[in-house]
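Written below as structure tokens is the structure these notes are about.
To find a chain, count down the sequence lines: A is the first, B the second, and so on, and within it residues start at 1. What's counted below: heavy atoms across the whole structure, side chains too, no hydrogens, waters or symmetry copies. As the structure is a prediction and not an experimental result, all values here were calculated from the model.
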Amino acid sequence: MLFELSAVSAERGTKPVLGALDATIEEGATAIVGPSGSGKSTLLRLLNRLADPSAGEIRYRDRPIRDYDVLALRRKVALVPQLPALIAGTVADNIRFAAELDAGTPPPDIEHLLDLAGLDSSYAERDSAQLSVGEKQRAMLARALAVEPEVLLLDEPTSALDENSTNAVEEALAGLRRRTGLSIVVVTHDPAQAERLAERTITVRPLWTPASR
Amino acid sequence: MDTSIQISLGEVAASLALVGLAVAVSRWRHADLERDIGIAVVRSFLQLTAIGYVIQLIFDQNNLLFVFALISVMVVFGAFTARSRAKGVPGALLPLLLALGLSGTVTLGLVVALGIFEPEARYLVPVGGMVIGNAMTASAIALNRLGDEFRDGANEIEATLALGATSQRASLPAVRRSLVSGTIHLIDSTKTTGLIFFPGTMVGMLLAGADPVDAVRLQLILLYVLLGAVAISALLSTTLAYRNFFTNDHQLRDLEAD
């Protein structure tokens, strides 16, 4: 089991968004679905401790996540945010930047990482500011893969994209799953996308416990 | 050489004609600045007159303890003033106090240690005032920018934290840009000094009848001292203040919740 959440409550600002949530997330691909404001993104942020719950406990691989060094945890459980936020420079600069965050990470195979993210090698030297949103999102994916995570958390990876870009990102994620077996947890408001991308779905309702299928 | 000149209150009053011009412009253009101009004139008169007597007293005593006390008061007032410009930065007062205090101590200590000025009140008080004033402006601009950086760039910072970056690494670009913001004004004005504007000390000395070469040399010393002071204060204030945006676990604080 990857994650186990026991009676987890969380607030965003002062507003409670998750109340006494119990859930388990297995290895493989899991989608978290629910209406906007139901706390899906908050739940994702709890999994790599960008935020902490106000009550309850989260375990990662049978160990409380607070027992892990928080920086090491985030390299094991890397999160790609909803809006692409690349640093200034080329796509390759971004990938190297991520790899260099930990002295123990080997130099990145940029071409391979771009390929995993569904981008050809010509993107390495492209200026990140000049990419389309869909390309930026895949560059974010390549950058996250550079830290060699065990799990990838994706927050609404296609919410800002048109249909073609959405297909490209979904294909990249499906290819990534096939080729690496990396576990992913993807937040989406679109149940059809959850069907396409994930083997299991957790439905979050505003301050309700989840229903699993 | 006698560099003292006598200024009568009548001459000061005559210069109010220019303030009248500023008020007239404000009225003509409906800029609604008359009240602020009035407050500025009254406050500058009262504050400078009061500080004139204080400085007179400190010069007469020539006691370094009095100098230290006066500069400490400037540091505290400067830190509170700069904090009002750095509203987006949580807990900005302590970083500002340390930044202004240290930049004042280090620069005054160095100018005395290097033999540039004697450790006497008549040198340390005016130089200290300039140092603290410029350090305050630089820190205020730097922290104002830092607040903007964290408000507008929170996504980028959190995206970096999300891959296991330390809070220090994630905020490095924001801190760097804030440092540049705080110091670039003085660097630019130092570059153009003598061409586009005459700095205040030099103007004051020329008006008081000093030899232009002496006026220039003193001005150069002060410009270089101020560059050091401004760099120290902007560096310290940003380096200390960025930490307040994060928890110990490298999480961005939810500032709206505070």
Side-chain angles (χ1 to χ4, degrees), chain A residues 10-15 41-42 44-52 54 65-66 68-89 94-95 97-105 128 136-137 139-141 143-149 152-155, chain B residues 87-92 142 144-184 234 238-258:
Chain A
E11 277 106 47
R12 184 137 212 181
T14 50
K15 184 183 155 224
S41 296
T42 301
L44 205 66
R45 287 156 49 81
L46 298 179
L47 299 182
N48 82 341
R49 295 202 59 212
L50 284 176
D52 285 326
S54 53
I65 58 170
R66 280 181 160 279
Y68 291 88
D69 172 73
V70 65
L71 302 178
L73 175 78
R74 289 182 192 153
R75 287 191 276 266
K76 289 179 203 288
V77 183
L79 184 145
V80 178
Q82 182 171 8
L83 296 173
L86 295 159
I87 60 165
N94 272 274
I95 293 172
F97 167 78
E100 285 163 6
L101 290 176
D102 176 32
T105 307
S128 61
K136 279 183 186 167
Q137 197 58 281
M140 290 290 285
L141 193 57
R143 184 173 94 158
L145 293 172
V147 304
E148 304 193 323
L152 207 51
L153 309 176
L154 300 146
D155 189 2
Chain B
K87 289 207 172 75
V89 179
N144 185 277
R145 174 68 183 259
L146 192 69
D148 290 347
E149 289 278 347
F150 272 82
R151 190 192 60 215
D152 301 336
N155 282 342
E156 191 184 313
I157 291 165
E158 195 160 75
T160 313
L161 292 176
L163 301 178
T166 60
S167 50
Q168 185 191 15
R169 185 69 193 79
S171 46
L172 193 62
V175 170
R176 188 183 293 141
R177 287 190 289 263
S178 305
L179 177 64
V180 170
S181 274
T183 50
I184 196 69
T238 50
T239 305
L240 295 172
Y242 89 84
R243 295 159 203 267
N244 296 343
F245 286 97
F246 296 97
T247 69
N248 289 336
D249 288 323
H250 305 278
Q251 297 164 328
L252 265 182
R253 279 184 199 281
D254 202 340
L255 293 180
E256 283 162 29
D258 287 351

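Considering only heavy-atom pairs separated by less than 4.5 Å from chain B, the leading option among A:Val147, A:Leu71, A:Leu101 is A:Leu71. By number of non-hydrogen pairs under 4.5 angstrom with chain B, the leading residue of A:Gln82, A:Arg143, A:Met140 is A:Arg143. Options A:Arg45, A:Lys76, A:Lys15, A:Glu11 differ in how many heavy-atom pairs under 4.5 Å they form with chain B, and the most are formed by A:Arg45. Of the residues considered (A:Ala98, A:Ala88, A:Ala51), A:Ala51 shows the highest number of contacts with chain B, using heavy-atom pairs under 4.5 Å. When A:Leu73, A:Leu86, A:Leu153, A:Asp52 are compared by the number of non-hydrogen pairs under 4.5 Å with chain B, A:Asp52 comes out ahead.
To the nearest 0.5 angstrom, B:Gln251 atom CD is 9.5 Å from A:Asn48 atom CG. Here the CG-CZ distance, from A:Asp102 to B:Arg169, works out to 13.0 Å after rounding to the nearest 0.5 Å.
At least one side-chain heavy atom of B:Thr160 sits less than 4.5 Å from a side-chain heavy atom of A:Phe97. Between A:Arg66 and B:Asp249 the shortest side-chain heavy-atom distance falls below 4.5 Å.
Contact annotation for B:Thr247: neither backbone nor side-chain heavy atoms come within less than 4.5 Å of a heavy atom of chain A. For A:Val77, the part lying under 4.5 angstrom from a heavy atom of chain B is the backbone only.
Results of the side-chain contact (heavy atoms from CB on, under 4.5 Å) test with B:Leu161 over A:Leu79, A:Val70, A:Leu50 single out A:Leu50 as the only residue that passes.
For B:Asn248, the CG atom sits in a loose shell: 12 or fewer heavy atoms of surrounding residues, nucleotides or ligands are nearer than 6.0 Å.
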